[in-house]
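Only this structure's heavy atoms are used, side chains among them; waters, hydrogens and symmetry mates stay out. The structure displayed is predicted, hence computed values, not measured ones.
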Amino acid sequence: MNALTKLLGAVAAISLAAAAPAQDYAKYSDAAIERELTQRATVEMIAMVPMRDGVGLATNIYRPKDAVGVLPTILWKTPYNELAYKVATSRRALEAVKRGYAFVVQSERGRYFSEGKYEILGRPQTDGYDTLTWIAKQPWSNGKVGTLGCSSSAEWQLALAGMNHPAHAAMVPMASGAGIGKVGAFEEQGNWYTGGVPRTLFHVWLYGVDNPLRAELPRGLDQSTRARIARYNDLDAKKPEVNWQSQIRHLPYADLLKDLGEPPATFEQFTARSGPADPAWQTGGLYHDTMGWGVPALWFNSWYDVSIGPNMALFNHARASKSDPEASANQYVVVAPNTHCAFARLGPDFISGDRNLGDPSFDVDAQVYSFFDRWLKGNRSAFPSSTPAVRYYNMGANRWSEAKQWPPENTATLRLYLRSGGRANGLDGDGRLDAAPPPAGEAADRYTYDPANPVQTIGGGDCCNGGLVTAGAFDQRVIEARNDVLVYTSDPMTRPTDVTGFVQAVLKVSSDALDTDFAVKLVDVAPDGTAYILGDTILRARYRNGFDKPAAMTSGQVYTLRPTPMTTSNTFLPGHRIRVEVTSSNFPKFVRNLNTGGNNEAEKRMVVAHNQIHHAGEAASYIELPIVRR
């Protein structure tokens with residue numbers, strides 16, 4: 001590994017000072033929260049905010065009783081059941097009003113007490129825009145609104161930010177990737193795909209959220225009556241429990257929810273689309289990088305979330321956008337080692353999957369309100385311009401680091417080639433990673449992919465899937481024992497090796513099937529053999545020339561595949577090894593490729609594929625790692 005050693009520098013420790021802690025309302029009882037909120041806030045429940053088409057959106061408004069003059073406002077918009085006197089909502093509202101903000105919570109169109117037909121992401125460019133306009137016109141508003149939320153409460157903010165509404169003064173999107181259509185190399189259409197392979201999380205999520213048979217209140221009720229009804233009726237449909245571990249194997253995949261008796265709705269509509277390049281993805285509420293960017297943002301992302309790659313690419317896009325220079329100059333991101341939206345769980349002895357990641361404590365609330373104080377109250381010292389643009393937790397070294405950009409400055413690319421004697425199958429194989437390119441004639445690696453016996457997902461980045469996958473840094477050795485998983489491992493590191501940024505794999509492949517998938521995984525192997533997953537990616541071979549140019553494979557022909565990059569920050573400590581896995585399935589995280597070359601999600605028939613990874617001469621396969629030199 002001489003070439004590797006030459007590229008590495010000593011890693012300098014960088015600390016991140018924690019902000020002053022906010023009041024910990026999590027320690028309050030539910031009753032105490034309700035009492036204090038009643039004492040401190042004027043509360044208007046289930047007010048109907050009018051949209052341009054006459055539909056009313058149910059909205060709760062919390063304002064501090066002791067306020068003098070007009071108020072800045074924080075808007076939390078949600079498809080979930082958060083208006084019917086929910087304690088979690090009360091905790092957020094209490095935090096806001098104690099800090100001098102009005103707090104507005106709104107149900108998306110077609111959800112609970114809101115009128116209209118549900119649409120995923122809730123029409124951000126019309127309903128979101130109209131809500132900002134309504135808030136700015138209220139006599140208690142200072143005309144500045146900050147949007148806040150995690151997951152679904154963040155995703156709708158992205159397309160709205162492209163419109164640059166004059167009242168939209170700041171935003172804090174957390175785990176917002178499902179709001180991204182296309183950005184840079186990532187064309188996932190709201191995480192519906194990775195590399196053209198559908199993700200299974202949406203069938204579970206839509207089963208719970210998309211409810212075309214929902215109950216509705218009659219129109220024309222006065223506000224006090226609606227509020228009284230909400231006190232006793234939350235309109236929360238209780239659907240039958242589903243054994244998703246069994247149901248996920250149902251074929252065809254397009255009928256997964258129909259088989260449960262569900263009426264056709266969003267899942268069927270999206271699944272019927274022709275792929276990531278279908279023009280229908282340009283409609284709706286997704287953000288695409290053809291849009292501008294107009295809002296200062298404080299992003300919160302996670303290494304083990306469903307969408308860390310697109311999230312970081314969008315952060316870069318927002319910084320580079322020329323549509324609003326002030327907004328682009330004020331983009332900040334925090335990346336933590338947690339899973340989806342689990343920022344409140346950061347603390348000492350933090351465990352992700354099977355790995356202890358030290359103490360990533362970070363006072364999220366303090367940072368959020370400092371950012372809002374800067375942009376909604378005009379307090380420039382609250383969140384100074386000297387704040388690092390990028391703050392991220394480096395796993396392995398287990399410390400917070402800072403950077404001016406993403407990936408960090410002083411990053412060099414290290415190329416490691418996939419090498420073997422033709423027997424890289426499993427942990428007992430001869431696969432290795434080497435800085436030296438392979439000579440011509442080095443044997444290819446072969447394996448058989450049977451869709452009836454897919455490689456199981458263990459950990460990694462995921463969410464919202466009914467327990468099908470538990471996200472995090474889990475040990476991969478159970479997977480690596482399989483003969484249909486190719487395993488390539490480096491020599492042990494002789495010094496700390498900081499891999500931070502986008503990790504690009506390039507594969508030279510062939511198959512006897514018309515179409516198949518190729519999945520790649522990056523792993524940190526500890527001296528005791530524990531193999532911690534850092535990230536994964538996948539590409540459906542038919543999309544190797546672009547999502548708008550699907551093409552079948554020809555048996556025996558070698559093709560070049562470039563899956564979308566993996567994204568991580570991990571220091572491989574001395575004695576640790578870098579590992580890459582290659583196979584053709586990662587199930588149930590991703591829908592299985594049945595290998596027929598046809599309309600995969602509408603089919604039942606399976607074909608066994610015999611696949612090869614080539615790594616000789618001009619057909620070299622490799623991985624490129626961003627190495628931070630300090």
Side-chain angles (χ1 to χ4, degrees), residues 26 30 33 43 45-49 55-62 74-96 103-124 127-128 131 147-158 160 171-179 190-191 201-217 226-227 229-231 233-239 241-242 262 265-267 285 300 305-307 339-344 463-467:
D30 294 350
I33 289 287
V43 182
M45 302 290 293
I46 321 298
M48 302 302 283
V49 175
V55 166
L57 300 189
T59 306
N60 288 359
I61 304 161
Y62 306 84
I74 296 172
L75 172 61
W76 182 289
K77 193 174 176 71
T78 173
Y80 300 124
N81 188 21
E82 300 188 44
L83 267 63
Y85 294 88
K86 298 296 181 181
V87 171
T89 307
S90 296
R91 291 177 189 273
R92 295 189 196 104
L94 180 56
E95 184 71 52
F103 188 72
V104 174
V105 186
Q106 185 178 81
S107 283
E108 289 180 2
R109 172 182 295 252
R111 296 295 289 157
Y112 304 103
F113 298 98
S114 285
E115 298 168 348
K117 181 181 178 181
Y118 169 73
E119 296 179 25
I120 195 167
L121 296 177
R123 294 194 184 185
D127 289 359
T131 299
T147 51
L148 171 66
C150 197
S151 191
S152 289
S153 295
E155 293 149 7
W156 72 276
Q157 299 180 39
L158 308 183
L160 179 63
M171 58 190 290
V172 181
M174 301 173 164
S176 59
N191 300 149
L201 70 90
F202 274 103
H203 74 260
V204 178
W205 188 79
L206 285 169
Y207 177 76
V209 174
D210 198 1
N211 185 17
L213 303 180
R214 74 187 187 98
E216 297 182 64
L217 293 181
R226 289 192 302 269
I229 292 173
R231 173 71 73 175
N233 304 272
D234 60 12
L235 300 183
D236 192 7
K238 301 297 189 292
K239 291 189 176 182
E241 294 292 325
V242 176
E262 288 291 287
T266 305
F267 175 76
F300 282 87
D305 199 2
V306 67
S307 186
T339 54
H340 186 71
C341 286
F343 298 102
C463 80
C464 323
N465 53 35

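- No side-chain heavy atom of V172 sits under 4.5 Å from any side-chain heavy atom of Q157.
- Under the 4.5 Å side-chain criterion, counting only non-hydrogen atoms from C-beta, N191 is in contact with F202.
- Atom SG of C150 is separated from atom NE2 of H340 by 5.5 Å, given to the nearest 0.5 angstrom.
- A distance of 6.0 Å separates NZ of K239 from OH of Y207, quoted to the nearest 0.5 Å.
- The shortest distance between side-chain heavy atoms of I74 and V104 does not fall below 4.5 Å.
- Side-chain contact check for S176 versus L158: some heavy-atom pair is nearer than 4.5 Å.
- At least one side-chain heavy atom of V105 sits less than 4.5 Å from a side-chain heavy atom of L83.
- Between Y80 and W205, the two ring planes are perpendicular [angle over 60°; tilted spans 30° to 60°].
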### Task
Decide side-chain contact (heavy atoms from CB on, under 4.5 Å) for M48 and E115; before the verdict, give the C-alpha distance in whole Å, the side-chain angles of both, and the deciding distance to 0.1 Å.
CA-CA 9 Å; M48 302 302 283; E115 298 168 348; 3.9 Å; yes

### Message
Please evaluate residues R92 and L148 with respect to the criterion side-chain contact (heavy atoms from CB on, under 4.5 Å), reporting the C-alpha separation (whole Å), side-chain torsions for both, the decisive distance (0.1 Å), and the verdict.
### Response
CA-CA 11 Å; R92 295 189 196 104; L148 171 66; 5.9 Å; no

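- Listed for the S114 side chain is a donor-acceptor partner under 3.5 Å among the backbone atoms of S107.
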#### Entry: E119/K117 under salt bridge (Lys or Arg N to Asp or Glu O under 4.0 Å): CA gap, chis, key distance, verdict
CA-CA 7 Å; E119 296 179 25; K117 181 181 178 181; over 6 Å; no

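- With contacts defined as side-chain heavy-atom distances shorter than 4.5 Å, the pair M45/Y62 qualifies.
- One distance of note links CG of L160 with CG of L121; it measures 12.0 Å at 0.5 Å rounding.
- Although no hydrogens or angles enter the test, the distance criterion places a donor-acceptor pair under 3.5 Å between the side chain of R111 and the main chain of V209.
- Separation of atoms OH (Y118) and CZ (R214) is listed at 11.5 Å; rounding is to 0.5 Å.
- For the pair P79 and Y112, the tightest heavy-atom approach, listed with the atom from each and the gap, is O-CE1, 3.4 Å.
- Put simply, the side chain of T89 gets close to the backbone of E82: a donor and an acceptor are under 3.5 Å apart.
- Between the side chain of N60 and the main chain of I46, a donor-acceptor pair closer than 3.5 Å is present.
- The CG atom of L201 sits 9.0 Å away from the CG atom of L206 when rounded to the nearest 0.5 Å.
- Between the side chains of T131 and Q106, at least one donor N or O sits under 3.5 Å from an acceptor N or O.
- Annotation for A175 and C341: closest pair CB-SG, 3.9 Å, computed over non-hydrogen atoms.
- What you find for W76 and S153 is that their closest heavy atoms are NE1-OG, 3.1 Å.
- Between I120 atom CD1 and W156 atom CH2 the span is 15.5 Å, to the nearest 0.5 Å.
- D210 places a side-chain N or O within donor-acceptor distance of the main-chain N or O of T266, the cut-off being under 3.5 Å.
- Two residues are said to be in side-chain contact when any heavy atoms from C-beta on lie closer than 4.5 Å; E108 and L57 fail this criterion.
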